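Working notes, beginning with the structure itself.
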Amino acid sequence: MFKCKQIILTVLGTMFLGSTTAHAQASSASPNDLQLSQEVRGILQAEMREIAVAVQALVLSLASGDWESIETISENIRASYVMEKNLTDSQRHELEDRLPEYFKRLDAEFHARAEKLGLAATRQDPEAVAFQYYRLVESCATCHSAFAKTRFPGFSSTSPEKHRH
Ligand code: HEC
């Protein structure tokens, strides 16, 4: 059971690495689904790149039973809110006004899942950690399929209705 999940996670991780590099160049020129200004979009993209590095590091930590590093990385992800970055007042207002409620909900859920992953790591329970890791990566895909279709065209056939309940 656990072995099978590990294989799935490894495959997922590899797919993700591939997709981030393949589309890296298209990002600044493409239109953005959230209609953010270039500045604020740049801050969001920078946060995303940090998260992507952290998530890839988690795979290795999980594979090697390094619970302490999973706790540290999860805490860093949990605490990283784009809204809490060094923003000017007008950038903060822009985010509050432009980000739809559904985005904010997914963002909150994402950070809550990072916390659960950290808790599973404190219990040193490989199966629970693998499950919470899967849940975390699932929330990346859920948000991207709703709000980053231009950036990740692989989600362009996903119907938005499915996510708006
Ligand atoms: C609540 C929404 C949300 C969640 C959760 C989320 N993302 Fe994103 N992400 C976005 C949006 C929106 C963009 C597109 C930004 C743009 O280019 O306009 C994006 C873009 C990215 C990018 C491209 C950045 C660039 O430089 O162009 C990467 C990499 C990324 N996300 C990784 C992740 C990973 C890994 C996770 C989960 C561990 C994750 N994201 C979770 C909303 C989210």
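Ligands are counted one by one from 1 in listed order, and the atoms in each one are counted from 1 as well. Being a predicted model, the structure only gives us computed values, none of them experimental.
No donor-acceptor distance shorter than 3.5 angstrom exists from the side chain of Glu39 to the backbone of Gln91, with no hydrogens or angles considered. Proximity of a side-chain donor or acceptor of Arg98 to a complementary backbone N or O of Gln35 within less than 3.5 Å is detected.
By the side chain to side chain contact (heavy atoms under 4.5 Å, CB included) test, Ala114 pairs with Ile77, Arg78, Leu136, sequence neighbours left out. In terms of the side chain to side chain contact (heavy atoms under 4.5 Å, CB included) criterion, residue partners of Ser90 (sequence neighbours excluded) are, by chain and number, Thr88.
Of the heavy atoms in Leu34, only side-chain atoms (C-beta onward) come closer than 4.0 Å to ligand 1. With a 4.0 Å cut-off on non-hydrogen atoms, Ser139 touches ligand 1 through its backbone and not its side chain.
Within ligand 1, counting atoms from 1 as listed, the ones closer than 4.0 Å to a heavy atom of Cys140 are 34 (C), 35 (C), 36 (C), 37 (C), 38 (C), 39 (C), 41 (C). Ligand 1 places these atoms under 4.0 Å from at least one heavy atom of Val55: 38 (C). The contact set between ligand 1 and Ala148, taken as ligand atoms under 4.0 Å from a residue heavy atom, comprises 11 (C), 13 (C), 14 (C). Heavy-atom proximity to Phe147, at under 4.0 Å, picks out these atoms of ligand 1: 12 (C).
Arg113 and Glu109 are joined by a salt bridge, as a carboxylate oxygen and a charged side-chain nitrogen come within less than 4.0 angstrom of each other.
When Lys149, Glu50, Arg41 are ranked by how near their heavy atoms come to atom 16 (C) of ligand 1, first place goes to Arg41. The closest heavy-atom contact to atom 25 (C) of ligand 1, among the options Arg49, Met48, His111, comes from Arg49. Distances from atom 2 (C) of ligand 1 to the heavy atoms of Ala46, Cys143, Ala52, Ala141 put Cys143 nearest.
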Practice prompt. Decide yes or no on side-chain contact (heavy atoms from CB on, under 4.5 Å) for Met48 and Arg151, but give the supporting numbers first.
Written response: CA-CA 12 Å; Met48 286 296 146; Arg151 179 65 182 81; over 6 Å; no

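Between Tyr134 and Phe131, the two ring planes are tilted [angle within 30° to 60°]. Taking the six-membered ring for Trp and thresholds of 30 and 60 degrees, Phe155 and His144 have ring planes inclined between 30 and 60 degrees apart.
Not a single N or O atom of Asp107, backbone or side chain, sits closer than 3.5 Å to an N or O atom of ligand 1.
Contact annotation: His144 places an N, O or S atom under 2.8 Å from atom 8 (Fe) of ligand 1.
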